[in-house]
Amino acid sequence: MRRVWSWAALIVGGLYFLLPLIGTIEFSLRMRRGEYSLDAYRSVLSDPNFRATFSYSVAMAALTILLGVLIVVPTAYWVRLRLPRLRPVIEFITLLPLVIPAIVVVFGYIRLYNTSSILPLTGTASGTNLLLLCGYATLALPYMYRAVDTGLSTLDVRSLTEAAQSLGAGWARIIVRLILPNVLGAVMSGAFLSFAIVIGEFTMAALLNRPAFGPYMQLLGANRAYEPAALAVIAFAVTWGCMGVMQLISRLFGTRMQAK
Amino acid sequence: MTFLTLDHLQKSFGPTRVVHDFDLGVEKGEFVSFLGPSGCGKTTVLRMVAGFETPTAGRVVIDGRDVTRLRPNQRQIGMVFQSYALFPNLTVAENVGFGLRTAGVPRAERAGRVAEMLALIGLPDLGGRYPWQLSGGQQQRVALARALAPRPRVLLLDEPLSALDAKIRVSLRNQIREIQQQLAITTIFVTHDQEEALSISDRIVVMHKGIADQTGTPAQIYNQPATDFVAGFVGTLNRFEAEVLDPARGLVRVEGAEIALDRPLPAGRITLAARPESLRIAAEGIPAEITGVEFLGSVQRLRARAAGREVVLDRFNEPGVALPQPGAQVRLAAAQAGWLVLPG
């Protein structure tokens, strides 16, 4: 009897997740009347805007991950090493982006850094890109911090630090040579989530008027019938592909140290 | 001229004073143990030498140079931790070479030194392994090699054997002592295990409540404990209340038995003590009743009740001599030198 129920749950769940996906794929193949074809995909892939926005978003995602690692790893490490009592506070701060809507964050940015402010970042494209990058890093913060902090909890941070210090290592070497490699798996899982968030992000990119993939999907969805479905499938495949690659990389590193 | 000088070190954490006034001079190449119960401040003193804690007052001088304000990575100190603290992402060889790398030693020279260190600890073929592939004893030996590779001026060992099981603990402690003597490196060893401290040290500092109670050779610590705490902490001790009959000649009475100690004593009542191996069953002496007999192979351990207290006697096994039975009435005595007069 229990068997039956678990199968039922699995089937319902499977339908809930897979049906929309199957429906989207099926619909994306119907551009030519009366037969299945890849016309919609051809149309999307030949669109220069698709390539431009998608590569823009991938680049932003990579930079977001980099910035996130640069901010989060030393912070989480330092908090664990020297300020353990501040951990709940830091954790709360890193969770704020989940509570504060992206639109509030981006309006705050625009107010603070508009062309008539002291730091007119929105005045130039690169300045706006920087602003968007910071916004993305903020959005990714909760996931990144959690992942890295969990990774650090498997290490004896204090002893490792002291051992390295007694061997003459300074802070930079300790973080780059010891802490970062040992939390790489955790950093990777934070990176997956950051990547997925940035690829699909709409609000910030749209309001800062940057040519990102999110706004492009929205634009296409508002004006075409079959192409958005094809685009959704492509975005899905590429995102999963990227995650697979990252997973693979972290596996390769992981086999070197399955100590814990 | 001492090589490592700890000059009136003090350390407080907030209102709690952990180390009171710690003074010690260590000769070059000497092996000194800090022995004491947990919380006695021994690890804190070690950490001040390493630079992980800043003394509230006092100085640390190594080879004539005041290092009190130097950061740990500038002190040229090798340290071995209870938890091994090997770097899990690096191989054994990379671990051992880590200190050389930070010191900017060229690759070829580094490889030679790493091989030399691995040979020294008896693991010449394990350079390519990762720490998790080694046993605890092997990991701790690698940690020792890692600490020694950059030729530190002082080696600090923070309870390095406590996480290991008994058999490895003994063999590794002998190996540590051998390597230490071979390299003639000035070493401080922190432990709460008296047997460990007695067996491998040149000198022992017995610590208690942030104070060095006694500093001396293992034999001095064991045979002539300077304080009541040292007497009780190091080894087993049987205590007897004694009444001084003649302070000048050192004649005392314990439970009706007169004992001549042949040394000047204070008048009144004192506490006499004797190690289990100093006590023996004799024709004359303190009356006692045997309460238990343990046969430990080379040693027989007898438990007895004398003067209202439990006492323990150890004697070597002699095949021809029968063990006393529980309930037997005996008399206990010790040689004059075997009696300790406890201060305070």
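Every heavy atom of this structure was used, including side-chain atoms; hydrogens, water molecules and symmetry mates were not. Chain identifiers are assigned alphabetically (A, B, ...) following the order of the sequence lines, protein sequences preceding nucleic acid strands; residue numbering begins at 1 within each chain. These figures come from a predicted structure and were not determined experimentally.
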* Structure fact -> The reported gap from CG in B:Asp158 to CD in A:Glu162 (rounded to nearest 0.5 angstrom) is 9.0 Å

* When only pairs under 4.5 Å are counted, which of B:Ile77, B:Val80, B:Leu100 shares the most heavy-atom pairs with chain A? -> B:Ile77

* Find the one option among B:Arg101, B:Gln82, B:Met79 whose heavy-atom pairs under 4.5 Å with chain A are most numerous. => B:Arg101

* To do: Considering only heavy atoms and a distance below 4.5 Å, find which of A:Asp156, A:Thr161, A:Leu160 pairs most often with chain B.
  => A:Leu160

Which heavy atom of [X] sits nearest to which heavy atom of [Y], and what is that distance?
X	Y	answer
A:Ser166	B:Phe52	CB-CZ, 4.3 Å
B:Ser83	A:Ser159	OG-OG, 3.3 Å
A:Arg177	B:Leu90	NH2-CD2, 3.8 Å
A:Asn182	B:Pro88	OD1-CG, 3.2 Å

* Under a 4.5 Å heavy-atom cut-off, does chain A meet the side chain of B:Arg71, its backbone, both or neither? -> neither

* Given a strict heavy-atom distance threshold of 4.5 Å, which part of B:Phe87 is in contact with chain A: side chain, backbone, both, or neither? -> both

* Asked: Is the side chain of B:Thr102 donor-acceptor paired with the backbone N or O of A:Leu167 at a distance under 3.5 Å, no angle test?
  -> yes

* Donor-acceptor pair, side chain of B:Asn73 and main chain of A:Ala169, under 3.5 angstrom -> yes

* Under 6.0 Å from the CZ atom of A:Arg82, do we count more than 12 heavy atoms belonging to anything else shown? -> yes

* Asked: Can you tell me if CZ on B:Arg169 sees more than 12 non-hydrogen neighbours from other groups inside 6.0 Å?
  -> yes

* **Which portion of A:Arg158 sits near chain B, non-hydrogen atoms under 4.5 angstrom** => side chain

